[in-house]
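In what follows, every chain begins at residue 1, and chains take the letters A, B, ... in the order their sequences are listed.
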Amino acid sequence: MFEKILIANRGEIALRILRAAKELGIATVAVHSTADADAMHVRLADESVCIGPPSARDSYLNIPSIIAACEITGADAVHPGYGFLSENARFAEVLAHHDIGFIGPKAEHIRIMGDKIEAKRTAKRLGIPCVPGSEGGVEDPEEAKRIAAEIGYPVLVKAASGGGGRGMKVARTEADLEQALGMARTEAKAAFGDDAVYLEKYLEKPRHIEVQVLGDGRGNAVHLAERDARSSAGHQKVWEEGGSPVISPETRAEIGGICARAMQELKYLGAGTVEFLYEDGRFYFIEMNTASRSSIRSPR
Amino acid sequence: MVGTAYRRPSPEAKLFVDVGSKVEAGEKLLLIEAMKTFNEIVAPRAGTVTAVFVEDGQPVEFGEPLLVIE
């Protein structure tokens with residue numbers, strides 16, 4: 001067990017981590033920007049280090065400062081909380097390079113699931129049912145038309161570096177496809193710095209159901225049931241219901257089992273959320289978040 | 001910056017500066033080490049060192065005053 005952890009976050013998640021560490025007898029280090037010098041997480045931690053000026057980019061997202069803070073306090077692991085650097089594969093790798101623990105999924109899994117094309121490929125390999133779509137990225141409009149004809153319209157052009165409902169364009173007919181492809185690529189480049197896109201069948205009114213998983217990194221993993229999410233226009237979730245109203249216990253066990261077995265095979269470490277679209281009684285994998293997202297929407 | 005402040009270039013060497021030292025702009029005052037990289041902290045202007053707030057080998061955080069040059 002760690003003796004001292006640095007919490008690379010602030011606000012309510014930093015407080016919850018502080019409380020958990022206290023219960024476990026682990027010493028804590030808070031980091032903060034100059035603007036947050038009097039914040040509660042700073043006052044309640046055993047030690048604190050000021051790591052930068054007010055902007056998040058120069059403080060909470062500043063990897064060298066956070067590593068230096070670990071060095072001067074002797075922290076042996078970092079808890080990244082959620083948001084900020086919690087799903088940043090490079091951060092996890094840099095920490096490993098410095099022999100500092102990262103309390104979260106393995107860097108390799110963060111990287112795989114961060115690239116939506118790679119995520120689908122991996123999901124398929126692990127036996128998780130996916131939305132029918134292109135095998136990989138699509139660049140050429142003629143190739144796109146061929147694939148779309150196979151999948152069947154309407155189709156969705158999605159950014160490989162997107163996720164979370166961003167970077168998607170619908171094409172209802174072949175006439176729309178070339179424009180949708182171009183626009184999606186331009187927007188993806190601007191928003192995510194990567195214009196790689198792929199195609200998926202567009203489901204008109206699916207439910208969005210996600211399965212929570214937890215793994216120990218050594219091949220043991222379980223599912224912790226599902227949440228049914230409702231979204232606003234713009235594909236942003238407005239609420240989640242623990243225990244979907246349309247899922248029977250048998251279905252829960254079946255899809256939960258598929259996810260748990262996949263995580264066992266990956267030797268997944270930590271919490272994760274496997275996201276599906278659910279329509280006409282069938283599940284279709286869309287992406288996986290290498291984090292426990294329930295904490296963002298339902299603070300307890 | 002965050003790191004460990006050193007007042008000498010190496011453990012057996014003399015201090016870079018002390019209270020009373022006269023310095024030129026660009027003169028080395030301290031080293032701050034982070035992630036095995038030593039960063040030189042230099043005088044922003046010429047003057048005299050009137051106060052030093054850190055000890056050799058002391059951890060420092062962002063925004064922490066290091067010394068005063070008048």
Side-chain angles (χ1 to χ4, degrees), chain A residues 4 6-10 27-39 41-43 45-76 78 84-85 90-102, chain B:
Chain A
K4 182 186 288 192
L6 182 146
I7 300 164
N9 217 303
R10 61 178 169 185
T28 53
V29 180
V31 293
H32 63 94
S33 68
T34 50
D36 294 331
D38 292 326
H41 77 283
V42 177
R43 287 184 271 134
D46 297 319
E47 301 174 60
S48 70
V49 181
C50 180
I51 53 170
S55 93
R57 197 185 42 140
D58 298 322
S59 55
Y60 300 99
L61 295 171
N62 186 333
I63 295 177
S65 284
I66 292 171
I67 307 277
C70 290
E71 286 182 342
I72 64 175
T73 57
D76 42 32
V78 171
F84 285 146
L85 296 169
R90 188 170 155 265
F91 182 53
E93 277 167 7
V94 174
L95 284 172
H97 189 73
H98 282 81
D99 267 319
I100 303 171
F102 175 78
Chain B
M1 76 184 317
V2 183
T4 303
Y6 292 105
R7 294 191 55 198
R8 308 164 190 278
S10 65
E12 324 77 34
K14 293 184 323 153
L15 298 174
F16 285 108
V17 296
D18 207 345
V19 176
S21 301
K22 289 196 169 16
V23 297
E24 316 270 298
E27 192 169 324
K28 280 179 241 196
L29 305 170
L30 292 156
L31 296 174
I32 296 189
E33 181 261 322
M35 296 166 79
K36 308 284 184 285
T37 304
F38 288 86
N39 302 277
E40 295 176 350
I41 306 301
V42 303
R45 68 177 87 77
T48 308
V49 178
T50 56
V52 179
F53 302 120
V54 298
E55 287 168 18
D56 195 36
Q58 181 185 321
V60 293
E61 55 182 11
F62 178 87
E64 187 163 344
L66 302 172
L67 43 69
V68 178
I69 299 180
E70 285 178 24

What are the atom names and distances for all donor-acceptor pairs below 3.5 Å between chain A and chain B?
residue : atom : partner : partner atom : Å
C50(A)  : N    : E61(B)  : OE1          : 2.6
C50(A)  : O    : F62(B)  : N            : 2.8
E71(A)  : OE1  : M35(B)  : N            : 2.9
E71(A)  : OE2  : M35(B)  : N            : 3.4

What one should report as the nearest heavy-atom pair of I72(A) and V60(B) is CD1-O, 3.7 Å
Tell me, for M1(B) versus chain A, whether the close heavy atoms (under 4.5 Å) come from the side chain, the backbone, both or neither.
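Interface part for M1(B): neither.
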Check side chain to side chain contact (heavy atoms under 4.5 Å, CB included) between A8(A) and all other residues, then give those that pass, not counting sequence neighbours.
L6(A), I66(A), V78(A)
